[in-house]
Amino acid sequence: MALFKDFSKFGLENLANLTLVDKPSNSSSSNLNELTEADLIYQRKVHCPICNKDFHSSAIKSGKNQLKNIDEDLRTHYSIVDPMLYDVISCPCGHTALNASFATLLPTQRAAVRTKICPNYFPIPIEEVRSINYALDLYQLALAECLIRNGKNIEKAVLCLRISWLYHDLKQLDDETEFIKNAYECFKLSLDTDNYPALGFDFHKSVYTTSVLSYKISDYSTSLRLLSSLIIDVGVHPKLKDRAIELKTKINKFHK
């Protein structure tokens with residue numbers, strides 16, 4: 001039933017279908033569902049500590065990319081785009097590193113990059129919306145630079161772990177396994193040599209990740225030892241302790 005019967009006497013017949021109360025709209029949720037990776041990407045200005053020039057690098061807008069779930073090895077999955085693909089910054093001069101490491105190099109490290117990378121570096125075509133293969137290229141470059149400038153073991157560990165994830169996405173299982181082993185060795189060294197927190201890891205998270213990687217390479221005794229140390233430690237975050245208990249139960253049930 002129309003709210004108003006007749007506006008024709010005012011010459012306003014087109015107003016006859018006005019509604020008093022608007023019905024709730026689902027447009028906001030539908031718009032969220034329709035968002036693509038390209039909608040969340042923007043170009044941010046970055047200053048390079050190696051060549052001292054500014055350039056632009058793809059980054060992700062916050063707020064719309066919702067966390068969906070977390071894997072056993074703490075890899076996170078999001079509703080629209082994997083932020084990991086955009087966590088390496090690469091300057092046209094060749095300097096390539098994780099976002100958290102990019103601007104924090106020591107003078108000796110900057111000198112190593114300028115000497116051993118920049119003179120011969122040839123940049124690959126930029127993908128503003130990054131494919132897995134493009135991200136893998138950047139992560140490999142970041143790892144090579146990390147080795148050249150003698151980066152911390154935790155940095156090598158994180159790079160190797162993420163490279164293993166990218167190989168998993170590409171279904172290149174031999175390469176995935178190789179980098180799981182590499183990540184395991186670097187995390188093990190990091191526990192003895194690095195100060196925490198670092199690159200999103202506190203000490204307990206690093207111990208847990210090492211236990212998962214040792215489990216993945218079938219070193220169950222090491223995995224159980226590390227998991228037990230977490231379970232009895234009163235300082236471990238409850239959610240991380242729950243993950244440790246769950247993995248230890250799984251190992252004892254199927255692999256011991």
* Asked: Are the aromatic rings of Phe201 and Tyr196 close, with centres under 6.0 Å apart?
  ->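 No - the distance between ring centres of Phe201 and Tyr196 does not fall below the 6.0 Å cut-off.
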Are side-chain N/O atoms of [X] and [Y] paired as donor and acceptor at under 3.5 Å?
X: Lys152; Y: Ser190; answer: no
X: Ser214; Y: Thr222; answer: no
X: Thr249; Y: Asn252; answer: no
X: Tyr184; Y: Thr210; answer: no
X: Gln43; Y: Ser58; answer: yes
X: Glu128; Y: Tyr42; answer: no
X: Asp71; Y: Trp165; answer: no

Is the shortest heavy-atom distance from the side chain of [X] to the side chain of [Y] under 4.5 Å?
X: Val46; Y: His56; answer: no
X: His77; Y: Asp82; answer: no
X: Tyr215; Y: Leu227; answer: no
X: Leu141; Y: Tyr121; answer: yes

Is there a continuous path of hydrophobic side-chain contacts, each under 4.5 Å between heavy atoms, that joins [X] to [Y]?
X: Leu106; Y: Ile117; result: no
X: Ile231; Y: Leu74; result: no
X: Leu189; Y: Ile163; result: no
X: Leu143; Y: Ile89; result: no
X: Phe55; Y: Ile124; result: no

Near [X] [atom1], under 6.0 Å, is it more than 12 heavy atoms from other residues, nucleotides or ligands?
X: Asp174; atom1: CG; result: no
X: Asn195; atom1: CG; result: no
X: His168; atom1: NE2; result: no
X: Ile126; atom1: CD1; result: no

* Asked: Ser164 side chain to Phe179 main-chain N or O, any donor-acceptor pair under 3.5 Å?
  -> no
* Tyr86 side chain to Arg130 backbone, donor-acceptor under 3.5 Å -> yes
* What is the distance from atom CG of Leu199 to atom NZ of Lys156, rounded to the nearest 0.5 Å? ->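 Nearest 0.5 Å value for the CG-NZ distance: 13.0 Å.
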* Structure fact -> In this structure, SG of Cys93 is separated from CZ of Arg114 (nearest 0.5 Å) by 8.5 Å
* Whether Phe102 and His95 hold their rings parallel, tilted or perpendicular, with breakpoints at 30° and 60° -> parallel
* Minimal non-hydrogen separation, Asn65 against Pro83, with atom names -> ND2-CG, 3.9 Å
Does the distance from a Lys or Arg side-chain N to an Asp or Glu carboxylate O, for [X] and [Y], drop under 4.0 Å?
X: Lys250; Y: Glu246; result: no
X: Asp169; Y: Arg75; result: yes
X: Glu185; Y: Lys188; result: yes

* From Lys216, Arg162, Lys205, residue fulfilling salt bridge (Lys or Arg N to Asp or Glu O under 4.0 Å) relative to Asp73 -> Lys216
* To do: For Asp233 and His204, run side chain to side chain donor-acceptor pair (under 3.5 Å): C-alpha distance rounded to whole Å, both residues' side-chain angles, the deciding distance at 0.1 Å, then the answer.
  => CA-CA 9 Å; Asp233 191 330; His204 294 139; 3.0 Å; yes
